[in-house]
Amino acid sequence: MSRLEDWTAEATPIDFVDKESWPIFAETLPPAIAAFARACGFDGKSGAHLLAPGPDGALAIVLFGVEASGARHRDAFLAGKLATLLPPGLYRLREGVSDSHAAALAFLLGGYSFSRYLAPKKERPRLCAPQDVDRARIERIAAALSFGRDLVNMPANDLGPEALAEAALALAARHGAQARVIVGDALLSENFPLIHAVGRAAAQAPRLVDIRFGPEEAMKVTLVGKGVCFDSGGLDIKPSSGMLLMKKDMGGAATALALADILMGSGAPMRLRVLVPIVENAISADAMRPGDIYPSRKGLSVEIGNTDAEGRLILADALALAAEEEPDLLVDFATLTGAARVALGPELPAFYTGDDALALEIETYGRKLGDPVWRLPLWDPYDSQLDGRASSIVNVSSSAHAGSITAALFLRRFVANPEKWAHFDLFAWNPSAKPGRPEGGEIQTARLLAELIVERAARWSVKT
């Protein structure tokens, strides 16, 4: 569900109240509804809701408890809870609802369900577009994030390298963008040896999707997304429990494509490039081995210390390609390390950048939009742990510690200008349902980066 309905006064109104203001607000309600609310024990507690009937017994109003305006940690997606609580019907937010944009977006995202294999169990409630919001923008964001969630939720038997590349090409075609795909041994002839090495053992050949959009004279933004459609771990095979969610190892690619969908639809002046290296990390006679040494696009030789650290290898070639064009902003996304999840959990993506000002900007937009992130350091003393004896670099650290940091440091070796680069190590999955965030695939960081990039592009355009 990614569309809002036309506004109508006939829709059932939803009032947001908080515990502090509830006693005063209750006095403004019809006496019968106020008495009903008191009898039901409704007091405006955050997340609580009440379906209040009118004189004829039909639903007259919905009361929904939210955090007080001064609350330290307000859940920007709390209103998404309504999409699963309310009975089928048409609803509207009452005028004066604080941040109706966020509430409407949360409602749409809360109503998302992955229905390719199983039809929704019940009809969903529908929401009128609030009169004070940009309806098209909300729907565009919701549709892009739903598209990304669908990709992450798709099992690998239906979303292998071919299908993921086709989804990227379909997105490019929908926006009139240029796109090409480099497949199989052509990766070697065009100098992407690491992407080829990781994906060559799979039944479906590895590939690199390259999308370009927008005027060449505009601000250059490049997005890179890790597209490992399934990760067995390779010859360093994962245990069965470690493979259960590995269909989501292309969550970085899904994030890059969802963000690109928002940006290409925004009309903002930018030269957007999207690079998606796509592989399956499989096991066969042709699989890469621990101890193998491969060249890279940048010219660094890379020793394979562990075949289950494959995501950074395909990103390395894609980042080297991106850096050749010297973009004004280079961002990569990857479900890269378990270490980041141990440190920050599933809801808080780690990010890295060589620029303190960019880091502050990312954190600011994340707090503003309820799209949280946490910066971890590119700790230079750990960089030497990646030095190889027989190669320029090894794909895993010599230490068992700081795995997310050393993975980021590995990627930094392939970036020309770390001050214009940000790397996001994300989970791309909701282990349990929360308001606006159903259990399953999730697109993290795209909302904050969409607003950051659009506003940067506008400033860049004025400046030039």
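On a predicted model such as this, the values are computed, not experimentally measured, just so you know.
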Does any non-hydrogen side-chain atom of [Y] lie less than 4.5 Å from one of [X]?
X      : Y      : result
Phe427 : Glu442 : no
Thr445 : Leu259 : no
Arg212 : Glu325 : yes
Ile278 : Cys229 : yes
Val133 : His101 : yes
Leu82  : Phe16  : yes
Leu329 : Trp460 : no
Arg456 : Glu361 : yes

Test item: [X] side-chain N/O and [Y] main-chain N/O as donor-acceptor pair under 3.5 Å:
X      : Y      : result
Arg94  : Asp15  : no
Asn153 : Gly441 : yes
Arg375 : Glu363 : no
Ser146 : Ala143 : no
Lys81  : Gly47  : yes
Glu67  : Asp75  : yes
Ser399 : His401 : yes
Gln385 : Ser397 : no
Gln444 : Pro346 : yes
Ser21  : Val17  : no

For atom [atom1] of [X], decide whether the heavy atoms of other residues, nucleotides or ligands shown that lie under 6.0 angstrom number more than 12.
X      : atom1 : value
Glu20  : CD    : no
Lys45  : NZ    : no
Leu244 : CG    : yes

Spacing of [X] atom [atom1] and [Y] atom [atom2] [to the nearest 0.5 Å]:
X      : Y      : atom1 : atom2 : result
Ile211 : Gln178 : CD1   : CD    : 11.0 Å
Leu360 : Thr353 : CG    : OG1   : 11.5 Å
Thr255 : Asp332 : OG1   : CG    : 11.0 Å
Arg447 : Leu109 : CZ    : CG    : 7.5 Å
Ile33  : Leu63  : CD1   : CG    : 7.5 Å
Leu426 : Ile443 : CG    : CD1   : 8.5 Å

Out of Phe36, Phe25, Phe64, Trp22, which residue meets the ring pair (Phe, Tyr, Trp, His ring centres under 6.0 Å) rule with Phe42? Trp22
Residues [X] and [Y] bridged, charged N to O under 4.0 Å:
X      : Y      : answer
Arg116 : Asp150 : no
Lys226 : Asp249 : yes
Arg207 : Glu166 : no
Asp383 : Arg413 : yes
Arg341 : Asp425 : yes

Go through the steps for Tyr91 and Leu59 under the test side chain to side chain contact (heavy atoms under 4.5 Å, CB included), then give the verdict. CA-CA 11 Å; Tyr91 299 85; Leu59 181 59; 3.7 Å; yes
Grab the two heavy atoms, one from [X] and one from [Y], that are nearest each other, plus how far apart they are.
X      : Y      : value
Ile262 : Ala450 : CG2-CB, 3.7 Å
Val396 : Ala309 : CG1-CB, 3.5 Å
Met154 : Tyr117 : SD-OH, 3.8 Å
Arg437 : Asn430 : CB-ND2, 3.4 Å
Ala106 : Ala76  : CB-O, 4.1 Å
Val221 : Met219 : CG2-CE, 3.3 Å

Side chain to side chain contact (heavy atoms under 4.5 Å, CB included) between Val209 and Val274, worked out: CA-CA 8 Å; Val209 176; Val274 186; over 6 Å; no
Residues which pass side chain to side chain donor-acceptor pair (under 3.5 Å) with Tyr382, listed by chain and number, not counting sequence neighbours: none
Listed by chain and number, what are the side chain to side chain contact (heavy atoms under 4.5 Å, CB included) partners of Glu139, not counting sequence neighbours? Arg3, Leu4, Arg135
Report the C-alpha distance between Trp421 and Leu358 in whole Å, list the side-chain angles of each, state the deciding distance to 0.1 Å, and finish with yes or no for side chain to side chain contact (heavy atoms under 4.5 Å, CB included). CA-CA 9 Å; Trp421 164 67; Leu358 175 58; over 6 Å; no
Leu90 vs Cys128, side chain to side chain contact (heavy atoms under 4.5 Å, CB included): CA-CA, chis, key distance, verdict: CA-CA 7 Å; Leu90 183 61; Cys128 294; 3.8 Å; yes
Test the Arg412-Tyr352 pair against the cation-pi criterion, namely NZ or CZ under 6.0 angstrom from the six-membered ring centroid and within 45° of the ring axis. no
The criterion is salt bridge (Lys or Arg N to Asp or Glu O under 4.0 Å); which residues satisfy it with Asp56, sequence neighbours excluded? none
Measure up the Phe213 and His175 rings against each other and bin them: parallel (under 30°), tilted (30 to 60°), perpendicular (over 60°). perpendicular
